[in-house]
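Order of appearance sets the numbers: ligands from 1, and atoms from 1 within every ligand. The figures here come from the full heavy-atom set of this structure, side chains too, leaving out hydrogens, waters and symmetry mates. Bear in mind the structure is a predicted one, so any value in this text is a computation, not a measurement.
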Amino acid sequence: MRVCVVGSGGREGCLALVLSRSGHEVVVTPGNPGIPGSVPTPVEDIIADLYVIGPEVPLVHGLADRLRAAGRLVFGPGADGAQLEGSKAWMKELVTTAGVPTARYGRFDEVGPALDFLGTLPGHYVVKTDGLAAGKGVLVTTDLAEAEADVRDKLAGTSFGDAGRTVVIEEGMTGPEVSVFAICDGQRAVVLDPAQDFKRVADDDEGPNTGGMGAYAPLPWLPEGFVDDIQSRFIEPTLAELRRRGIDYRGVLYAGLMLTPEGLKLVEYNIRFGDPDSQVVLLRLTSDLGELLASAAAGQLVGEPTYDGAAAVLVVAAAEGYPATPRAGDVIEGLADAAAVPGATVLCAGVAADDEGRLVTAGGRVLDVVGTGPDIGAARVCAYEALARIAWPGRHHRTDIAREVTS
Ligand code: AMP
Ligand code: GLY
């Protein structure tokens with residue numbers, strides 16, 4: 001099969017690698033100079049048997065609809081289903097109607113009622129932009145004054161522009177987070193092996209939120225029956241409610257979940273594979289990812305995913321200044337040495353080529369360094385050994401990815 005992957009980051013590099021491992025011919029648009037098969041050709045001009053759309057922004061803007069209207073086979077929801085990520089207020093209303101467990105919330109366009117609602121919450125406040133904000137539109141705090149100021153800034157449009165003119169305010173939850181990717185064909189879903197993502201920039205979950213600084217899978221500490229529970233209490237009711245609204249959802253339903261003291265709750269849905277959390281799941285697949293995604297895109301899901309039994313640990317190597325102001329143009333050294341570590345894979349995420357053809361930093365999250373091994377401890381050693389061989393000025397990373405499960 002010829003597969004066209006849309007996007008340019010570590011997730012798309014991983015999708016391309018895993019698809020080509022199963023014998024598919026892969027073209028990535030626009031990709032980046034570190035992803036084999038990257039072309040600058042617009043997606044509409046690429047002929048392929050299957051289109052896999054990586055990031056949320058083109059999905060929210062209807063790329064899947066436009067390609068389907070041209071008769072193409074597409075893995076990714078249309079703009080209707082993409083509202084699950086494009087509007088947090090829409091998502092919360094839908095999941096609440098569907099009976100999915102999630103934090104109590106309110107949706108507000110005006111300061112007065114928003115501040116009144118904040119006052120009813122028991123000391124742990126979450127303020128979110130309704131619209132897309134590249135993972136940065138969420139404030140979690142125990143400081144009421146900080147939450148109030150954030151509400152004012154968001155609603156005034158000063159902090160996040162129009163994305164913040166509606167806010168969702170939620171009761172804060174606590175507990176470990178789990179990422180679950182359900183491959184949906186509109187009617188049914190297959191849930192992939194869960195992963196954990198590390199969102200804060202610094203060790204011990206300090207510092208600001210990022211798109212994700214690392215991930216690992218599998219999760220040995222999950223309760224028995226976890227995946228079945230997710231399927232029956234979260235994914236199936238959500239797909240049923242989408243169908244009730246006339247939405248034929250074909251793509252990834254990415255559930256961000258929290259294991260709270262009151263039980264499992266949904267933090268959010270995304271409409272795409274997580275980045276970098278899906279990489280530690282997809283790289284371990286032994287079944288054919290292309291067949292799985294093509295069957296979902298065709299509305300006839302077939303195939304149970306199988307895994308190689310290994311563990312995977314991914315550490316993001318970030319540019320100087322990430323997440324606030326990542327510096328571009330630093331020359332990346334040591335890529336080949338890192339990839340030579342047995343079990344290691346290096347995925348290029350935020351990279352470009354300079355005039356001399358060298359790879360340079362061109363984004364916040366520059367590389368995903370993935371280690372695999374028979375268990376998480378071995379995978380972790382592999383990832384950090386590979387990472388140690390890579391250098392550029394100001395590079396930084398977390399040193400505690402998957403540390404807790406191995407100590
Ligand atoms: P979201 O973009 O909705 O995933 O939020 C980003 C991050 O903020 C999540 O991964 C959580 O770590 C945190 N978060 C979001 N909602 C809540 C909540 N209701 N309680 C506690 N933390 C939350
Ligand atoms: N790693 C979090 C996300 O992809 O949204």
Side-chain angles (χ1 to χ4, degrees), residues 7 9-12 14-15 54-57 59-60 84-92 95-96 100-107 117-118 121-142 147 150 154 160 163-164 167-181 194-201 205-217 252-262 264-282 314-316 318 323 347 349 364-365 368 398 401:
R11 167 184 49 213
E12 288 76 27
C14 179
L15 285 165
E56 64 277 14
V57 172
L59 289 166
V60 167
L84 280 178
E85 185 164 356
S87 166
K88 289 192 192 283
W90 191 87
M91 180 273 284
K92 289 290 278 189
V95 300
T96 307
V100 169
T102 190
R104 184 158 74 91
Y105 82 105
R107 161 215 166 120
F117 183 74
L118 272 179
L121 297 179
H124 187 183
Y125 314 97
V126 182
V127 181
K128 303 183 176 183
T129 58
D130 176 53
L132 292 179
K136 295 178 188 134
V138 178
L139 174 77
V140 181
T141 182
T142 52
D150 190 63
K154 281 177 175 153
F160 290 95
V167 294
V168 167
I169 300 179
E170 296 177 12
E171 189 169 317
M173 305 184 283
T174 50
E177 290 183 56
V178 181
S179 302
V180 168
F181 308 106
Q196 191 167 48
D197 182 21
F198 292 72
K199 290 211 170 77
R200 302 276 180 160
V201 74
D205 292 330
E206 299 284 343
N209 256 322
T210 70
M213 292 296 289
Y216 73 96
V252 185
L253 189 53
Y254 160 6
L257 299 151
M258 205 176 264
L259 284 144
T260 77
E262 302 88 50
L264 200 52
K265 291 194 185 175
L266 182 78
V267 178
E268 64 164 354
Y269 274 132
N270 294 313
I271 55 168
R272 52 178 172 83
F273 284 112
D275 187 357
D277 24 350
S278 68
Q279 281 88 307
V280 290
V281 180
L282 299 176
L314 180 153
V315 185
V316 168
L347 300 165
R365 296 185 293 167
D368 298 342
R398 279 183 66 155
I401 307 300

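- Polar contact check, K128 against ligand 1: a nitrogen or oxygen pair lies under 3.5 Å apart.
- In terms of protein heavy atoms, atom 8 (O) of ligand 1 is closest to V138 CG1, 3.6 Å.
- With ligand atoms numbered from 1 in the order given, ligand 1 contributes 16 (N), 17 (C), 18 (C), 19 (N), 20 (N) to contacts under 4.0 Å with heavy atoms of V126.
- Heavy-atom distances between F273 and ligand 2 stay at or above 4.0 Å for every pair.
- When D197, N209, N270 are checked for heavy-atom proximity to atom 1 (N) of ligand 2, D197 turns out nearest.
- The two residues V316 and P276 come nearest to each other via the heavy atoms CG2-CG, 4.2 Å.
- For E177, a nitrogen or oxygen atom sits less than 3.5 Å from a nitrogen or oxygen atom of ligand 1, counting backbone and side chain alike.
- How far CE of M91 is from CD of E268: 6.5 Å, rounded to the nearest 0.5 Å.
- The shell of residues lying under 4.0 angstrom from ligand 1, judged by heavy atoms, includes G172.
- E206 places none of its side-chain heavy atoms less than 4.5 Å from the side chain of R200.
- Atom CZ of R107 sits about 12.0 Å away from atom CD1 of I169, to the nearest 0.5 Å.
- Here's the thing with G211: one of its N/O atoms is less than 3.5 angstrom from an N/O atom of ligand 2.
- The nearest heavy-atom contact from the protein to atom 23 (C) of ligand 1 is V140 CG2, 4.0 Å.
- Summary of contacts: the protein heavy atom closest to atom 21 (C) of ligand 1 is M173 O, 3.1 Å.
- Considering only heavy atoms from C-beta on, L264 stays 4.5 Å or farther from P101 through its side chain.
- If you number the atoms of ligand 1 from 1 as listed, the ones under 4.0 Å from a heavy atom of M258 come out as 21 (C), 22 (N).
- Using a 4.5 Å heavy-atom threshold, the side chains of L282 and F181 count as separate.
- Scanning the protein heavy atoms around atom 19 (N) of ligand 1, the nearest turns out to be E170 OE1, 2.8 Å.
- Donor-acceptor pairing under 3.5 Å is lacking for the side chains of Y125 and D150.
- Looking at D130 and K92, no side-chain N of the basic residue comes within less than 4.0 Å of a carboxylate O on the acidic one, giving no salt bridge.
- Side chains of L257 and L259 form no contact here, defined as non-hydrogen atoms less than 4.5 Å apart.
- Taking distance alone, with nitrogen or oxygen atoms compared against 3.5 Å, D275 approaches ligand 2 more closely than that limit.
- At a threshold of 4.5 Å between non-hydrogen side-chain atoms, the residues V126 and V138 count as touching.
- Of all the atoms in ligand 2, the ones that sit under 4.0 Å from a non-hydrogen atom of G274 are 4 (O).
- Close approach to K199 involves these atoms of ligand 1, each under 4.0 Å from a residue heavy atom: 10 (O).
- Looking only at side-chain heavy atoms (C-beta outward), D275 and D368 come within less than 4.5 Å of each other.
- Which of K265, K88, E268, E171 comes nearest to atom 4 (O) of ligand 1 through a heavy atom is settled by distance: it is E268.
- Among the atoms of D277, some N or O lies under 3.5 angstrom from an N or O of ligand 2.
- Taking only nitrogen or oxygen atoms, main chain and side chain alike, R272 reaches within less than 3.5 Å of ligand 2.
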